[in-house]
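Quick notes on the structure that follows.
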Amino acid sequence: MAEYANIIVDIYQGKLDKTFQYRVPERLKSTIAVGMLVAVPFGSRKMQGYVIELTDVCEYEEDKIKEILSIVKGGVLIESQMIALAGWMRENYGGTMNHALKTVLPVKEKKKAKEQKTIRLALHPVEAKNELAECERKHKTARAKLLVALLEQRELEWETATQQMSVSASVIRAMEEAGIVKVVSKTAYRNPVGGLDPGGEQKKLNEEQQNVVSKITMEYDAGERKTYLIKGVTGSGKTEVYMELIAHVLAQGKQAIVLIPEIALTYQTVRRFYNRFGAQVSIINSKLSAGERYDQFERAKNGEISVMIGPRSALFTPFPALGIIIIDEEHEASYKSETVPRYHARETAIQRAKMTDAVVVLGSATPSLESYYKAENDEYCLLELKHRVQKRPMPLCEIIDLREELRRGNRSILSDRLSELMEDRLKKGEQTMLFINRRGMAGFVSCRACGHVIKCPHCDVSLSQHGSGAATRLVCHYCGYTTIQPGLCPVCGSKYISGFKAGTQKIEQVVKARFPQARVLRMDMDTTRTKDGYEQILSAFSNHEADILIGTQMIVKGHDFPGVTLVGVLAADLSLYISDYRASERTFQLLTQAAGRAGRGDIPGNVIIQTYDPDHYSITTAKEQNYEAFYGQEIEYRKMMRYPPVWNMLYILCASKNEAEASEAAVALMGKIDQIVRENSEKIFPIGPSDAPVAKISDVYRKVIYVKTREYQTLVILKDGLEAFIKDNRLYQNVAVGFDFNPVNGF
Ligand SMILES: Nc1ncnc2c1ncn2[C@@H]1O[C@H](COP(=O)(O)OP(=O)(O)OP(=O)(O)O)[C@@H](O)[C@H]1O
Ligand SMILES: [Zn+2]
Ligand SMILES: [Zn+2]
């Protein structure tokens, strides 16, 4: 029971760090909680504020602190819920309360929502007709024109009247003063999906889909609130299931949030939801300005919209009566925030649902190990869609051993079998997707004589080759450092120094040379740099304006191209080399999702997986599309190595421009951790300190400590201990310490 409460009096002015401390009176100590609205004395006035933190530490002069007057009664406001959620995030992921509040609350910016004015008749139509006759008699043409329009349409936008009809503002104002018309101002919230027309037919669910829907809706109506995991093979119609569930809660006056990874949040996807729910739907994405985002949240609060679609941050849409949170492609790494607070949208969604009486539905063809593990342990309820819609078969998958190919004398990126099938598809007018899985391996430059790899002088990562010929540049993906490609190896002087030849550009060249008649599209960082580049390529391919689409992971995320009957994965094992314990899981997911793009239309599909490592279990199980087999092997490895999801892991990062200070701070933290380990009964395994996988970024040195425990809560206690230690220690003035619970993207 805390002695003091930190309170914010105005949460929407962007001054979230402006808190005031009050004493919690004895009678309120057992009931007060973070998020509650309270009445406090403020100067000579009485004001209301939200409790954002409870603490025993007095931050002001003890004898000047005033007492909280009372807890404000009434329904739980959405603000209270969101602040309580922020409190939970701060507690579970570290960082400050200010960070957490900025994440969950839309902070108002200076620019107000765009003002929109409309003109209406102030007279009864009969009177208006008399007035019109009068105007015509006196040749007041502008007035007459406006009256005719208003008699037809009742309401006109200010812009329509002044611009299209050329009625001047002074005429309108004069008519307003004469009591003929009324000018009404209504704040227009910018609507990002305006311009779409609802329509399109609704699909009848098949039996499998219906079973999943019935189970969830029946339990929902019976008042049960669970977390469901829908494991549905690629093309099994998960989106239709989501829409049916949303319709169910909307019919009960509730609202819905749908999280979709930003990369899959395309026009095509939004369109499907819009067809079904019309203007009740809104989206947010990273392209929206702070003001537009604020508008969307206001529209949600006002009840103007009931379905919000968006990436991670859409989770904080302030719906007053949230009924369901859906997380599509729940295995995606982008659901983990890479900035403080480093929250996971899945866990945070479950927490929000708990606070608001909503259910959570997770969906994926390749669930994260975390979610499947929880389903196995009955924490989540597992539901399956085992078949593709309309009895379409799963694609036929073959593995090609690239070493074998080389032995036979084929040095091309395309195996003989893949070339043969591509040729066949071109003849038949069917489409092919070629996927290069090159995460973290983008065209690095190495010396074939001595093996030296060219690295960024500021970051400990290899540089990537961009452009070709005289325009070739080496670029650092972390800091943007750019340099020219050296002609000779800087270490041994050999001239055999060149890029790792498997980038998308190289593939495009090879494909064009091999199939000159083919129309080829390429999708990667370079071709999607412009604002709509990504959408343009997708829609061109979807309209069959190309035969072959070449791309990186961007092309495998949940797209539905019925014309594609062949998918080629060019080097499946590349993602196995990244230094991350999730490498196998990533590889399995990417291959399965890539394969899932084939044969979604009426013609069955083929998948070719090319690899140097054909016996690796992530590749063999992906070939069989056998999730359970993959999971079985992978979970054993995680258990053995004490990795999540079986164990919990905390990364602690010490970063500083001064390497010695970063090291010293990390060693001191490790000392503190050892002390906590001795005081705690649970087994805690700290590792380090050592250099982070990327030891330097933009000249900032990075030291890392890993801690593994069985219980998450033990890590939270550890973090609290370390935060207190850091606060009291001058050493950390020049060293930034960051915490990441069960990291997904590595540090
Ligand atoms: N009951 C149904 N009857 C006919 N067509 C359907 C039905 N359900 C879904 N579809 C269609 O099947 C296609 C695949 O559905 P959807 O995109 O929802 O699958 P998915 O499970 O989300 O796939 P993935 O995980 O691969 O992205 C879509 O074109 C969708 O319109
Ligand atoms: Zn060399
Ligand atoms: Zn760099």
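Every number for a ligand or one of its atoms is a count from 1 in the order of the listing.
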Problem set entry | Side-chain donor-acceptor pair present, Ser412, Arg514, cut-off under 3.5 Å | no

Exercise. If you measure from each heavy atom of Ser236 to ligand 1, is any distance below 4.0 Å?
Worked result: yes

Problem set entry | Among Pro562, Gly237, Gly363, closest by any non-hydrogen atom to atom 15 (O) of ligand 1 | Gly237

Exercise. Arg597 heavy atoms, cut-off 4.0 Å: which ligand 1 atoms fall inside?
Worked result: 26 (O), 27 (O)

For this session: Look at atom NZ of Lys391 and say whether more than 12 heavy atoms of other residues, nucleotides or ligands are closer to it than 6.0 Å.
Result: no

Problem set entry | Ligand-residue contact atoms, ligand 1 with Asn206, heavy atoms, under 4.0 Å | 1 (N)

Exercise. Where on Lys203 is there a heavy atom closer than 4.0 Å to ligand 1, on the side chain, on the backbone, on both, or on neither?
Worked result: side chain

For this session: Answer yes or no for Gly235: is there a heavy-atom contact with ligand 1 below 4.0 Å?
Result: yes

Problem set entry | Shortest heavy-atom approach to atom 2 (C) of ligand 1 - which of Lys204, Glu240, Gln210, Arg388 | Lys204

Exercise. Between Gln351 and Glu347, does any side-chain donor sit less than 3.5 Å from a side-chain acceptor?
Worked result: no

For this session: Would you kindly say whether Ser214 and Gln210 are connected by a side-chain donor-acceptor distance under 3.5 Å?
Result: yes

Exercise. Just checking, is any N or O donor in the side chain of Glu262 or Ser334 under 3.5 Å from an acceptor N or O on the other one?
Worked result: no

For this session: Using atom types as modelled and distance alone, determine if a side-chain donor or acceptor of Asp547 lies under 3.5 Å from a backbone N or O of Gln431.
Result: no

Exercise. Which ligand 1 atoms, with their elements, are less than 4.0 angstrom from a heavy-atom of Asp560?
Worked result: 13 (C), 28 (C), 29 (O)

